[in-house]
Amino acid sequence: MGEIVEGQRVSSDDYGRGTVAAVFGGEVQVLWDSPLLEGTTTRLFTHDRRFIERLTQLRTDEEGREVPA
């Protein structure tokens with residue numbers, strides 16, 4: 001993954017798709033599109049920067065679909 005910036009869309013096999021909400025030091029907050037556990041509403045998680053660096057960055061193509069960058 002390239003540079004981690006706020007607003008960057010990412011994809012994880014475990015969490016689904018989300019948006020980087022904040023970057024601070026070795027930690028990154030991601031607002032995931034769906035809650036991790038059914039029945040919960042929490043979608044904002046703080047992750048280790050190394051975890052986020054391994055995720056797939058997403059971009060929007062000409063037709064408005066999210067595809068790997």
Side-chain angles (χ1 to χ4, degrees):
M1 181 174 191
E3 181 182 0
I4 301 171
V5 295
E6 290 180 17
Q8 174 65 51
R9 294 284 291 162
V10 294
S11 177
S12 164
D13 290 339
D14 296 322
Y15 292 88
R17 293 175 182 221
T19 304
V20 173
V23 180
F24 44 98
E27 297 181 331
V28 179
Q29 285 188 329
V30 177
L31 182 61
W32 297 103
D33 293 351
S34 300
L36 179 60
L37 300 173
E38 194 170 317
T40 65
T41 58
T42 302
R43 301 178 332 175
L44 183 65
F45 287 89
T46 301
H47 299 278
D48 183 88
R49 184 182 195 95
R50 290 175 297 209
F51 171 75
I52 302 301
E53 289 172 343
R54 292 190 301 265
L55 298 182
T56 301
Q57 281 187 334
L58 300 173
R59 67 172 180 82
T60 304
D61 70 8
E62 309 81 41
E63 297 177 18
R65 296 175 297 196
E66 284 187 327
V67 296

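All residue numbers refer to positions in the sequence shown, counting from 1. When reading the values below, keep in mind they use all heavy atoms of this one structure, side chains included, and skip hydrogens, waters and symmetry mates.
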**Student:** Please identify each residue that fulfils salt bridge (Lys or Arg N to Asp or Glu O under 4.0 Å) with Arg59, with sequence neighbours left out.
**Tutor:**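 Once residues adjacent in sequence are excluded, Arg59 has no partner under the salt bridge (Lys or Arg N to Asp or Glu O under 4.0 Å) criterion.
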**Student:** Under the side chain to side chain donor-acceptor pair (under 3.5 Å) rule, collect the residues that match up with Arg65, sequence neighbours excluded.
**Tutor:**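 Here the qualifying residues are Asp61, Glu63.
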**Student:** How long is the span from the NE2 atom in His47 to the CD atom in Glu53, to the nearest 0.5 Å?
**Tutor:**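 Going from NE2 on His47 over to CD on Glu53, the span is 13.5 Å.
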**Student:** Report yes or no: do Phe45 and Val10 belong to one cluster of Ile/Leu/Val/Met/Phe/Trp/Tyr joined by side chain heavy-atom distances under 4.5 Å?
**Tutor:**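 Same cluster: Phe45 reaches Val10 through Ile, Leu, Val, Met, Phe, Trp or Tyr contacts under 4.5 Å.
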**Student:** Applying side chain to side chain donor-acceptor pair (under 3.5 Å), name anything that partners Ser34, two or more places apart in sequence or on another chain.
**Tutor:**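 Ser34: no side chain to side chain donor-acceptor pair (under 3.5 Å) contacts found.
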**Student:** With rounding to the nearest 0.5 Å, note down the distance linking CZ in Phe51 to CG in Asp14.
**Tutor:**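 If I round to the nearest 0.5 Å, the distance is 6.0 Å.
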**Student:** What are the two closest non-hydrogen atoms of Gln8 and Gln57, and how far apart are they?
**Tutor:**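 That closest heavy-atom pairing would be NE2-CB, 3.6 Å.
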**Student:** For residues 16-28, tabulate all N or O donor-acceptor pairs below 3.5 Å that involve a side-chain atom, not counting sequence neighbours.
**Tutor:**
| from | atom 1 | to | atom 2 | distance (Å) |
| --- | --- | --- | --- | --- |
| Arg17 | NH1 | Glu66 | OE1 | 3.0 |
| Thr19 | OG1 | Arg9 | NH1 | 2.8 |

**Student:** Taking atom CG of Asp13 and atom OG1 of Thr56, what is their separation to the nearest 0.5 Å?
**Tutor:**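 The CG atom of Asp13 sits 7.5 Å away from the OG1 atom of Thr56.
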**Student:** Does Leu44 form a side-chain contact (heavy atoms from CB on, under 4.5 Å) with Val30? I'd like the steps, not just the answer.
**Tutor:** CA-CA 6 Å; Leu44 183 65; Val30 177; over 6 Å; no
